[in-house]
Amino acid sequence: QVQLAESGGGSVQDGGSLRLSCDVSGDTVKNYCMGWFRQAPGKKREWIAGSSNDGDTGYAVSVKGRFTISRDDAKNILVLQMNSLQPEDTAMYYCVARWARVYCTTGYDAVGAVYWGQGTQVTVSS
């Protein structure tokens, strides 16, 4: 069974950057549709970025142009580079994996993600 472990969260000022990493163990990352979700206080978990097995990527409108998702098959990790961070980006960020490729890069509900990491907190102050 695949296991996911996020790292790289923290506190930054408005306009700052952070790089989140997701270590994948138990299987190879290239077997999965990978993605990132986030959950802000009082809100439901939302899909923000996806990376498909064939190299396609996709983003939610709220992060497009500021966030970049990538995978390193050799290191078996998933990365989310976050630039121009805003206070509304404050949330717990989760790495997810699933086998189904449909909607991988266009978004899906949290119930569609099979495997979840523990999450890493990102806080952006103004």
Side-chain angles (χ1 to χ4, degrees):
Q1 176 173 319
V2 69
Q3 294 181 324
L4 310 174
E6 305 91 339
S7 61
S11 297
V12 296
Q13 296 284 335
D14 190 354
S17 297
L18 282 173
R19 181 180 182 271
L20 305 184
S21 183
C22 174
D23 289 338
V24 180
S25 59
D27 203 342
T28 177
V29 67
K30 60 185 178 183
N31 287 340
Y32 296 87
C33 156
M34 302 294 296
W36 291 92
F37 275 71
R38 69 184 181 186
Q39 186 170 21
K43 296 187 177 181
K44 68 176 185 178
R45 291 185 182 184
E46 62 171 346
W47 176 90
I48 57 169
S51 170
S52 70
N53 315 59
D54 56 8
D56 286 341
T57 59
Y59 303 90
V61 171
S62 58
V63 306
K64 192 172 185 179
R66 300 186 298 122
F67 292 9
T68 302
I69 188 172
S70 61
R71 59 170 75 196
D72 187 327
D73 290 347
K75 295 182 179 179
N76 218 34
I77 63 171
L78 181 73
V79 173
L80 185 69
Q81 177 65 43
M82 305 187 295
N83 298 327
S84 301
L85 283 162
Q86 304 164 356
E88 48 266 41
D89 294 317
T90 295
M92 185 71 78
Y93 283 71
Y94 298 91
C95 174
V96 301
R98 67 179 201 170
W99 300 288
R101 301 186 183 190
V102 62
Y103 304 125
C104 183
T105 59
T106 56
Y108 47 92
D109 290 338
V111 294
V114 178
Y115 299 104
W116 291 79
Q118 296 281 0
T120 186
Q121 178 67 38
V122 171
T123 302
V124 185
S125 56
S126 57

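What you are looking at is a predicted structure, and each value in this text was computed from that prediction instead of being measured.
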Quick check: is [Y] connected to [X] through a chain of hydrophobic side chains (ILVMFWY, heavy atoms under 4.5 Å apart)?
X      : Y     : value
Leu18  : Tyr59 : yes
Ile77  : Leu4  : no
Val29  : Ile69 : yes
Trp116 : Tyr32 : no
Val63  : Val12 : yes

Crowded around Tyr103 OH? As in, over 12 foreign heavy atoms under 6.0 Å?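 Open.
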
Tell me, do [X] and [Y] make a side-chain contact under 4.5 Å, heavy atoms counted?
X      : Y     : result
Leu78  : Trp36 : yes
Asn31  : Trp99 : no
Tyr115 : Asp27 : no
Cys22  : Val79 : no

Do side-chain atoms of [X] reach the backbone of [Y] as a donor and acceptor pair under 3.5 angstrom?
X     : Y      : result
Arg98 : Gly112 : yes
Thr90 : Val124 : yes
Asn83 : Ser17  : no
Glu6  : Gln118 : yes
Asn76 : Val24  : yes
Arg38 : Ile48  : no

Kindly give the heavy-atom pair with the smallest separation between [X] and [Y], and that separation in Å.
X      : Y     : value
Ala60  : Trp47 : N-CZ3, 3.5 Å
Gln121 : Met92 : N-SD, 3.5 Å
Ser126 : Gln13 : O-OE1, 3.9 Å
Asn53  : Lys30 : ND2-O, 3.2 Å
Gly117 : Tyr94 : O-CD2, 3.6 Å
Cys104 : Ser52 : SG-CA, 3.7 Å

Please work out which of the three classes, parallel, tilted or perpendicular, describes the rings of Phe67 and Tyr93, given edges at 30° and 60°.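 The arrangement is tilted - the two ring planes meet at 30° to 60°.
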
With rounding to the nearest 0.5 Å, note down the distance linking OG in Ser51 to CE in Met34. 8.0 Å

Under a 4.0 Å N-O cut-off, is there an ion pair linking Arg66 with Asp89? yes

